[in-house]
Enquirer: 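Sharing a structure with you now.
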Amino acid sequence: MRYVVIGAGAVGGTIGVRLGEAGRDVTLVARGAHLAAIRERGLTLRRPEATVTWRGPAADGPGDTPLPADTVLVLTVKSQHTAAALAAWVDAPVAGGGPAGERLPLLTAQNGVANERTALRLFARVHPVCVWLPATHLEPGVVVANGHPHPGMLHIGRYPVGADDTSRAVAADLTAAGFVAPVRDDVLRWKYGKLLNNLGNGLQALLGPDVPEWLAERVRAEGEAALAAAGIAHTTVEEEAAERGDLVRHRPVDGAQRAGGSTWQSLARGAGSAETDHLNGEIVLLGRLHGVPTPVNAAVQAAVRRAVRERVPAGGFPLTELREMLGRPAT
Ligand SMILES: NC(=O)C1=CN([C@@H]2O[C@H](COP(=O)(O)OP(=O)(O)OC[C@H]3O[C@@H](n4cnc5c(N)ncnc54)[C@H](OP(=O)(O)O)[C@@H]3O)[C@@H](O)[C@H]2O)C=CC1
Ligand SMILES: CC(C)(CO)C(=O)C(=O)O
């Protein structure tokens with residue numbers, strides 16, 4: 001199988017370079033200064049054990065040449081970019097006839113739980129991936145992958161349930177590339193468990209590493225209540241941690257710890273958007289549908305949108321203002 005990684009940033013860059021190192025045929029899709037840097041100097045992947053530079057095909061879209069029929073598309077853009085990325089690829093011609101949306105499997109290797117439904121409107125074969133992979137992308141052409149001894153854990157299945165030959169074949173390639181890659185019949189249950197974990201992403205992006213415990217607990221408690229009211233199953237923290245065990249731990253790279261999670265990185269890069277409306281926003285949506293109040297998740301959404309708009313530096317949002325937004329002024 002060949003892999004086209006759409007959005008070769010922190011996660012996509014790590015997956016793509018590792019698959020390439022394992023001898024798989026990989027094309028990295030990127031845009032802007034990052035694409036220019038990859039084309040000029042290759043993609044540098046810094047890891048705890050070594051730094052490697054990947055030099056292979058890099059593209060900004062599908063182009064006119066039909067994609068080989070054994071291509072697997074791996075979507076690794078942030079959730080707010082999913083619809084645009086899929087629209088660019090759905091009608092790409094495939095060798096032997098037919099468009100990518102009908103012929104090719106699409107992996108959604110992203111946080112959040114809405115990408116799969118968005119994808120299934122356009123792609124007939126959607127494979128959710130639950131991504132545990134600590135990586136950082138702050139400068140063009142460079143990705144830092146802190147996972148050790150394995151770069152990450154990638155649970156894979158078929159949407160909406162089950163697993164098939166493609167899930168198993170991709171898992172085998174990911175395993176050959178060094179990842180822990182369990183095949184799951186219930187991969188969405190793992191993704192909902194991960195969603196609860198990712199409710200802290202926005203708080204970390206706003207406040208930095210010292211997020212008050214009461215805030216982290218409130219976003220999670222609201223999340224658990226909304227999922228329970230909606231009748232949605234999710235993995236527990238303990239279940240996920242037991243699976244990961246010592247297989248994927250954070251290790252410093254070039255003497256530096258990982259700076260912050262994926263939403264923190266969006267603010268640190270001064271990106272024009274963040275993923276929070278698809279993480280905390282998913283809980284707010286479920287709360288509205290099922291009559292569960294979710295004021296803290298809604299405040300985090302609003303605060304992150306404001307931080308993006310006003311270009312607040314990562315971790316630089318005043319806690320007092322967040323408290324005001326929650327109707328809980330500083331005492
Ligand atoms: N970073 C991490 O450690 C982890 C991230 N995740 C999840 O993985 C997903 C990806 O996150 P992450 O890797 O951090 O994100 P990044 O922003 O590092 O990488 C995504 C890349 O995709 C590019 N992109 C966006 N739209 C397009 C497009 N239409 N065509 C080509 N390139 C495009 C972005 O460019 P631009 O910068 O211009 O927008 C960016 O370079 C998210 O859902 C995230 O929550 C999950 C676990 C860990
Ligand atoms: C779990 C965490 C916070 C770190 O890997 C992540 O998923 C992210 O950065 O988005």
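Remember, it's 1-based here, ligands and their atoms both numbered in the order they're listed.
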Enquirer: Examine S79 against ligand 1 and note whether any of their N/O atoms are separated by less than 3.5 Å.
Expert: no

Enquirer: Can you list the ligand 1 atoms lying under 4.0 Å from a non-hydrogen atom of T76?
Expert: 10 (C), 20 (C)

Enquirer: How about R117: does its CZ atom have over 12 heavy atoms from other parts shown lying under 6.0 Å from it?
Expert: no

Enquirer: Which part of N111 is near ligand 2, with near meaning a heavy atom under 4.0 Å away: side chain, backbone, both or neither?
Expert: side chain

Enquirer: Show the atoms of ligand 2 that are less than 4.0 angstrom away from any heavy atom in G261.
Expert: 9 (O)

Enquirer: At less than 4.0 angstrom from any non-hydrogen atom of N201, what atoms of ligand 2 do you find?
Expert: 3 (C), 8 (C), 10 (O)

Enquirer: Would you mind telling me if ligand 1 is within reach of the side chain of R258, the backbone, both or neither, using heavy atoms under 4.0 Å?
Expert: side chain

Enquirer: What residue and heavy atom of the protein are closest to atom 23 (C) of ligand 1, and at what distance?
Expert: G7 CA, 3.9 Å

Enquirer: Is it the side chain (CB and beyond), the backbone, both or neither of L133 that lies under 4.0 Å from ligand 1, heavy atoms counted?
Expert: backbone

Enquirer: Which is closest to atom 2 (C) of ligand 2 by heavy-atom distance: L195, L279, N198?
Expert: N198

Enquirer: Considering only heavy atoms, does K194 approach ligand 2 within less than 4.0 Å through its side chain, its backbone, both, or neither?
Expert: side chain

Enquirer: Should L247 and V129 be regarded as members of a common hydrophobic cluster, given that ILVMFWY residues are connected when their side-chain heavy atoms come within less than 4.5 Å of each other, either directly or indirectly?
Expert: no

Enquirer: In terms of atom number and element, which parts of ligand 2 are under 4.0 angstrom from non-hydrogen atoms of N197?
Expert: 1 (C)

Enquirer: Give me the residue, atom name and distance of the protein heavy atom closest to atom 8 (C) of ligand 2.
Expert: S262 OG, 3.4 Å

Enquirer: Determine whether the side chain, the backbone, both or neither of Q80 has a heavy atom under 4.0 Å from any heavy atom of ligand 1.
Expert: neither

Enquirer: Any heavy atom of R258 sitting closer than 4.0 Å to ligand 2?
Expert: yes

Enquirer: Decide whether the shortest distance between a heavy atom of H278 and an atom of ligand 1 is less than 4.0 Å.
Expert: no

Enquirer: Which is it for H137 and ligand 1 at heavy atoms under 4.0 Å: side chain, backbone, both or neither?
Expert: side chain

Enquirer: So is G112 touching ligand 1 or not, going by heavy atoms under 4.0 Å?
Expert: no

